[in-house]
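First comes the structure, then the notes that go with it.
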Amino acid sequence: MDEGGTPPIRPSASLGTTFPARGKEDPGLAARCANAVAPQDDEGAGLRQPALDGQAPFVAIENASYRYRPAGPPIVDGIDWAIPRGAIHCLLGRSGCGKTTLLKLAAGLLLPSGGAIRIGGAALGGPDPRIGFVFQTPTLLDWLSALDNVLLPVSLKRRPRAADREAARERLALVGLGDLAERRPPELSGGQQSRVALARALMGEPDLLLFDEPFAALDAITREELQDDLLRLCALRGSTALFVTHDIAEAVYLGDRVAVMAAGRIVHAQDLDLPRPRPHGLRYDPAFAAACRTLRGAMDGAG
Amino acid sequence: MSQRLPSLLLFLALIAAWEAWCRLAAVPALVLPPPSAVLATLGSEIVSGRLWPHLAVTAAEMALGLAFGAVLGLGTGILLAESPRLSRLLRPYILASQLVPKLALGPLFLIWFGFGMTPAVAITALICFFPLMENTFTGLTEVDAGRRDLFRMLGASRLQTLLRLKLPAALPVIMAGLRVAVVLALVGAVVGEFVGGRAGLGASIIAAQSVMDTSLIFALFVVITALGMIVYEAVRAIERRVLHRYSKG
């Protein structure tokens, strides 16, 4: 790990050993990834998600739109989207395409000008304690220790008990910061601050996790470590997640399904049938590259 | 210490030049007393005990004015930051009240409050109010949107957001306002005494002027400057203690 003194959470995925040399790639991996190359060709105007085995999706965005002023241009323009329970979906798009606004609609931080957001069937009317939000910046409180920052969701409701402290320490240990619980954010590196923010989002035991480009400011290696942490933590509790990013590789690595947004609309969507858990070296697999290329094409096509 | 050495040497050189100028050019002591005479006057004022009551009065005015002004400024800053409507309504009036030269209010305060400490305390409070209000307002409104959204997501109440997020986040800016206010408080107290004081360092300057005791005026400058430096450094020390938790290491 780049931040001295912290034991890594998982055996460090040394990049040199796990991905195979060109020409003799792991055939199993290639076969497992094969489906990813063939995206559902469901581009176009009336884009709808197929019904999810007949049951209602956990998160349902129904014809949602948002504009800052009633007469102004729509930032989010009639989007339909559904996330089944336990799935990780990614929203991909350039800056200013409306993806962060859509995420804030899903969080209840903004209320849609039209349409509705439903979580577990109930319409969302404001910020909801069932939702954990990880912001673009770690948004930690500099004057509190890492532990107290993780405890914040609890301490805003009641005086934390010993059990809460224990739970917070556990969350910190899960993101590899077990030894740094007493440090304050200014004493932590950028990657460690992002980890504290991740641990804090997990503290409220949320049913839905929303991520707003949380790793965009980190270096590539730290970002990959955090992506693995995130997947591991989501898998642990079977969390449902919506992850906003402008990084194509990040979207492909994290998502079960990726949507490309442009000018407030979803212009492309595809399922990614890559293996879970993500094997080491997946980023260098042809199927991964092909998925990235398709998404890049969709983004370019969107202008 | 080695960093302060050049500064100290410059001070000694300036004092020596001043002394030499007075002696060589035979400057009348009424116009500019030499530092040695100022020091002698200061010494006799301290030894005779005449200085202490005046120092105590000025320090008390300063402390009371600062306390009233700071509490009022902090409260008003919070109120205006929390209520944009109230802010739009009141800000022009608050600004106007600060643009009136406050020292010019001295004679008015004399009529309202009479001679003594009260007018000086009132002027000091009025002067200290503004930097605290302005910095509190700025600090509270500049809390970044991400952290405010975080508190909304966590279901924090308005009071919780103020006490647990906005005030702690604004504390460095508020402390900077307090530092400015402390310096202004001394000015307020001394000048307030010019107008209506019967005791205090400012009143003593007026008394010394009436008997043409220039070296006593200079001695009082030294005392006022020393008082200002001590109080300023005390606030700096408090600031460092309070903000210790905000910085690296």
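Proteins get letters first, then strands, A, B, ... in listed order; numbering begins at 1 in each.
- Electrostatic pairing of A/Arg171 and A/Glu166 does not count as a salt bridge here, judged by no charged N lying under 4.0 Å from a carboxylate O.
- The CD1 atom of A/Ile131 sits 9.5 Å away from the CZ atom of A/Phe133 when rounded to the nearest 0.5 Å.
- Below 4.5 Å, heavy atoms of chain A meet heavy atoms from B/Arg147, B/Asp149, B/Leu150, B/Phe151, B/Arg152, B/Met153, B/Leu154, B/Ala156, all part of residues 147-156 of chain B.
- Neither the backbone nor the side chain of A/Ser145 comes within contact range of chain B; no heavy atoms are under 4.5 Å apart.
- Residues of residues 161-179 of chain B lying under 4.5 angstrom from chain A, judged on non-hydrogen atoms, are B/Arg164, B/Leu165, B/Pro168, B/Ala169 by number.
- A salt bridge is defined here as a Lys NZ or Arg NE, NH1 or NH2 lying under 4.0 Å from an Asp or Glu carboxylate O, and A/Arg223 with A/Glu213 fails to meet this definition.
- A/Asp212 does not touch chain B: none of its heavy atoms, backbone or side chain, sits under 4.5 Å away.
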Q. Could you go step by step and tell me if A/Thr245 and A/Leu91 meet the side chain to side chain contact (heavy atoms under 4.5 Å, CB included) rule?
A. CA-CA 6 Å; A/Thr245 181; A/Leu91 268 175; over 6 Å; no
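- Remark: side-chain polar atoms of A/Thr240 are paired, donor with acceptor, to backbone N or O of A/Gly86 under 3.5 angstrom.
- Only the backbone of A/Leu140 has a heavy atom closer than 4.5 Å to any heavy atom of chain B.
- Salt bridge status for A/Glu225 with A/Arg195: present, with a side-chain N to carboxylate O gap under 4.0 Å.
- The NE2 atom of B/His244 lies 14.5 Å from the CD atom of B/Glu239; values are rounded to the nearest 0.5 Å.
- Counting non-hydrogen atoms of other residues, nucleotides and ligands closer than 6.0 Å to CZ of A/Arg158 gives a total above 12.
- Geometric assessment of A/Arg85 against the ring of A/Phe58 yields a positive cation-pi assignment under the 6.0 Å and 45° thresholds.
- The pair A/Arg184-A/Asp142 fails the salt-bridge criterion, with no side-chain N (NZ, NE, NH1 or NH2) lying under 4.0 Å from an Asp/Glu carboxylate O.
- Side-chain polar atoms of B/Thr138 and B/Asn135 form no donor-acceptor pair below 3.5 angstrom.
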